[in-house]
Amino acid sequence: MIKFNKRYKKFSQPFLFEELYRLERAQRKLGKDVISMAVGDPDIPTNPSIVEFAKRELDNSINHKYPNTKGNENLRKEISAWHKRRHNVDFDFEKEISILIGSKEGIAHLPLFLIEKGDYAIIPSPTYPTYRTGVWLSDGLIYDIPLLEENDFLPDFYKIPQKVVDKTKVLFLNYPNNPTGASADLNFWKDLVRWALKNDILIAQDCAYCEIYFDAPTHSIFEINGAKKIAVEFYSSSKTYCMAGWRAGWIVGNSKVVCALNQVKENIDSGQFNAIQNSVAFALKNHELITPPVRQKFKERAQYYYENLKKLSWRPYMPKGSCFIWAKPPIKTKSERAARFILENSSILLAPGIGFGKYGEGYLRFSLTVEDRLIEESINRLKYLDWSKI
Ligand SMILES: *Cc1c(COP(=O)(O)O)cnc(C)c1O
């Protein structure tokens with residue numbers, strides 16, 4: 001019999017959503033049309049101008065060869081120009097930018113060259129689960145830092161015990177945040193940079209939703225002096241340009257870290273298809289035309305959902321960005337129980353908060369990545385949900 005190693009156990013723990021997916025299939029078998037609001041996969045198609053551009057790129061046989069792992073020069077230069085326009089920050093396209101096969105890929109590989117067995121990674125709770133992947137693969141330890149509603153879902157890094165801080169190599173963060181919808185301001189980044197410089201800890205900020213903001217534009221950590229010494233940011237075309245299936249993202253920041261990640265990846269993959277990379281460069285070039293309608297759509301949905309959930313006695317957090325609503329149901333109950341109750345009685349599939357870590361307990365996450373018609377329909381269904389029956 002083939003025996004797997006201990007590490008594999010961490011990846012094979014029963015996945016919380018599995019039971020819910022089983023229930024979803026059972027509902028569909030009964031002929032119920034389930035509204036699936038559990039995953040954040042934009043319903044909005046990629047802008048047609050990007051698709052048209054990509055078709056022409058597909059015909060160009062130069063693109064049929066191996067790409068290079070770091071990414072093609074055209075895209076890295078376009079990224080550099082975009083950061084200059086957007087945040088007034090200069091990045092050297094040779095040393096401070098590297099292309100990823102989706103940001104998830106880079107996030108998962110980052111700890112492989114940072115963590116020795118027994119070192120810590122600090123990861124928020126609730127969290128996007130991929131921050132754990134590379135830590136597990138490196139036999140590192142995870143310190144959960146709570147994101148609490150009373151602190152606007154920002155971590156209090158001064159509360160981390162010094163003996164953990166001393167053994168920490170990397171802190172993962174994600175603002176605007178999945179799953180809470182919270183955002184971070186410039187003062188937060190300033191404090192964090194000071195703390196990270198003092199403690200020699202790499203900040204890995206996940207910018208997946210940095211362009212899906214609802215009030216003032218989000219700030220980059222690199223607007224703070226000294227940040228390049230201790231930080232990297234991960235960007236993704238998945239939400240910003242509704243290109244989730246295209247698999248493209250990038251890392252910017254500390255050149256030593258960017259180059260090391262590239263070095264590791266050269267031993268793993270051979271980069272993303274050049275036709276896709278050039279299409280992302282096209283999207284970046286036209287960013288100011290392509291993104292506002294996407295941002296506006298998610299903002300309208302978030303406001304509609306927030307207001308209607310409140311009318312139904314839910315306790316939602318008004319997101320400052322992202323495509324999620326993080327909310328407590330009208331009665332206090334375990335999130336998994338609430339998700340099951342809603343699925344069975346209203347045929348809406350939601351993500352239970354506990355699936356994002358123990359500090360997610362009590363919450364449910366609505367993903368606003370379904371058509372407007374279904375957004376409204378889901379609110380109608382929740383109106384008729386009788387919580388006394390749970
Ligand atoms: C969707 C998402 C990503 C994007 O991953 P890609 O691999 O770029 O598609 C990264 N981080 C968070 C928190 C996300 O929700």
Side-chain angles (χ1 to χ4, degrees), residues 37-40 107 121-132 142-160 170-193 195-196 201 203-221 224 231 233-234 236 239 295 298-299 301-303 305-307 309-310 314-329 332 334-335 338-339 350-369:
M37 301 177 81
V39 292
I107 289 166
I122 300 172
I123 292 180
S125 172
T127 186
Y128 176 64
T130 305
Y131 308 141
R132 298 178 186 134
I142 290 173
Y143 182 85
D144 286 317
I145 187 167
L147 305 186
L148 306 173
E149 192 155 357
E150 68 245 37
N151 300 333
D152 247 332
F153 298 114
L154 290 168
D156 185 352
F157 35 89
Y158 296 110
K159 279 203 178 137
I160 306 166
V170 58
L171 163 63
F172 281 98
L173 285 176
N174 158 230
Y175 291 103
N177 183 254
N178 173 9
T180 66
S183 199
D185 63 14
L186 217 45
N187 278 331
F188 174 82
W189 294 127
K190 199 182 277 177
D191 282 354
L192 182 67
V193 167
W195 177 84
I201 290 173
I203 305 297
Q205 145 70 347
D206 178 353
C207 286
Y209 299 97
C210 281
E211 297 308 303
I212 316 283
Y213 53 80
F214 302 151
D215 305 316
T218 49
H219 290 283
S220 160
I221 196 170
I224 309 294
E233 284 181 336
F234 287 96
S236 169
K239 319 306 183 334
R295 185 181 301 134
F298 285 121
K299 182 178 173 172
R301 287 177 181 174
Q303 277 169 343
Y305 227 84
Y306 173 79
E307 276 153 29
L309 279 183
K310 274 216 333 203
W314 283 67
R315 287 198 292 130
Y317 177 79
M318 179 61 207
K320 301 190 174 84
S322 84
C323 45
F324 305 106
I325 295 274
W326 186 241
K328 283 184 170 160
K332 196 172 152 84
K334 288 256 179 334
S335 60
L350 299 177
I354 187 72
F356 302 94
K358 77 173 177 193
Y359 289 94
E361 186 54 292
Y363 291 89
L364 290 155
R365 192 193 71 175
F366 293 81
S367 181
L368 305 173
T369 50

### Message
By the definition ring-ring contact (aromatic ring centres under 6.0 Å, His included), identify the one residue from Y317, F188, F356 that meets it with F153.
### Response
Y317

### Message
Could you walk me through whether Y209 and F324 satisfy the ring pair (Phe, Tyr, Trp, His ring centres under 6.0 Å) test, starting with their C-alpha distance in whole Å, then the side-chain angles of each, then the deciding distance to 0.1 Å, before giving a yes or no?
### Response
CA-CA 10 Å; Y209 299 97; F324 305 106; 5.6 Å; yes

### Message
As an exercise, state the distance from CZ of F157 to CD1 of I203, rounded to the nearest 0.5 Å.
### Response
7.5 Å

### Query
Are Y363 and W326 close enough that their ring centers fall under 6.0 Å?
yes

### Summary
Nearest heavy-atom approach of I160 to W195 is CD1-CZ2, 4.0 Å

## Note on the structure
Scanning both residues in full, the closest heavy-atom pair of L350 with A339 reads O-CB, 4.3 Å

#### Entry: Minimum side-chain heavy-atom gap P155-P146 below 4.5 Å
no

### Message
Cation-pi check for F214 against R295: NZ or CZ below 6.0 Å from the six-membered ring centre and within 45 degrees of the axis, yes or no?
### Response
no

### Task
List the atom of N178, the atom of N174, and the distance in Å for their closest heavy-atom pair.
N-OD1, 2.8 Å

### Query
Tell me, do Q205 and L192 make a side-chain contact under 4.5 Å, heavy atoms counted?
no

### Main-chain N/O of S335 paired to E361 side chain as donor or acceptor, under 3.5 Å
yes

### Message
I want to check something: taking the side chain as every heavy atom from C-beta on, are R301 and C323 in contact at a cut-off of under 4.5 Å?
### Response
no

### Query
Should the pair W189 and Y175 be assigned to parallel (<30°), tilted (30 to 60°) or perpendicular (>60°) ring geometry?
perpendicular

### Query
How about F172 and I107: do any of their side-chain heavy atoms sit closer than 4.5 Å?
yes

### Student check: side-chain heavy atoms of K239 and T369 closer than 4.5 Å
no

### Task
Could you tell me whether the side chain of L173 reaches within less than 4.5 Å of the side chain of I221, counting heavy atoms only?
no

### Task
Kindly say whether L154 contributes a backbone atom to a donor-acceptor pair with the side chain of D152 at under 3.5 angstrom?
no

### Message
As an exercise, state the distance from NZ of K310 to CE of M318, rounded to the nearest 0.5 Å.
### Response
10.0 Å

### Query
Any donor-acceptor pair under 3.5 Å linking the side chain of S183 with the backbone of G321?
no

### Query
Which value, rounded to the nearest 0.5 Å, describes the distance between D206 atom CG and E233 atom CD?
10.0 Å

### Side-chain heavy atoms of I212 within contact of S322, under 4.5 Å
no

### Query
Of the non-hydrogen atoms in S367 and G40, which two are nearest, and what is the gap between them?
OG-CA, 3.3 Å

### Task
Return the set of residues passing side chain to side chain donor-acceptor pair (under 3.5 Å) with Y143 (not counting sequence neighbours), or none when no residue passes.
none

### Query
Where do G362 and P329 come nearest, in terms of heavy atoms and distance?
O-CD, 3.4 Å

### Query
OG1 of T127 to CD1 of I122: how many Å apart, nearest 0.5 Å?
12.5 Å

## Note on the structure
Note: V39 and R365 closest approach over all heavy atoms is CA-NH2, 3.8 Å

### Task
Report yes if the side chains of D215 and Y213 come closer than 4.5 Å at any heavy-atom pair, otherwise no.
no

### Query
In Å, rounded to the nearest 0.5 Å, how long is the span from CG of D191 to CG of L186?
10.5 Å

### Spacing of CG belonging to L148 relative to OG1 belonging to T180, to within rounding of 0.5 Å
11.0 Å

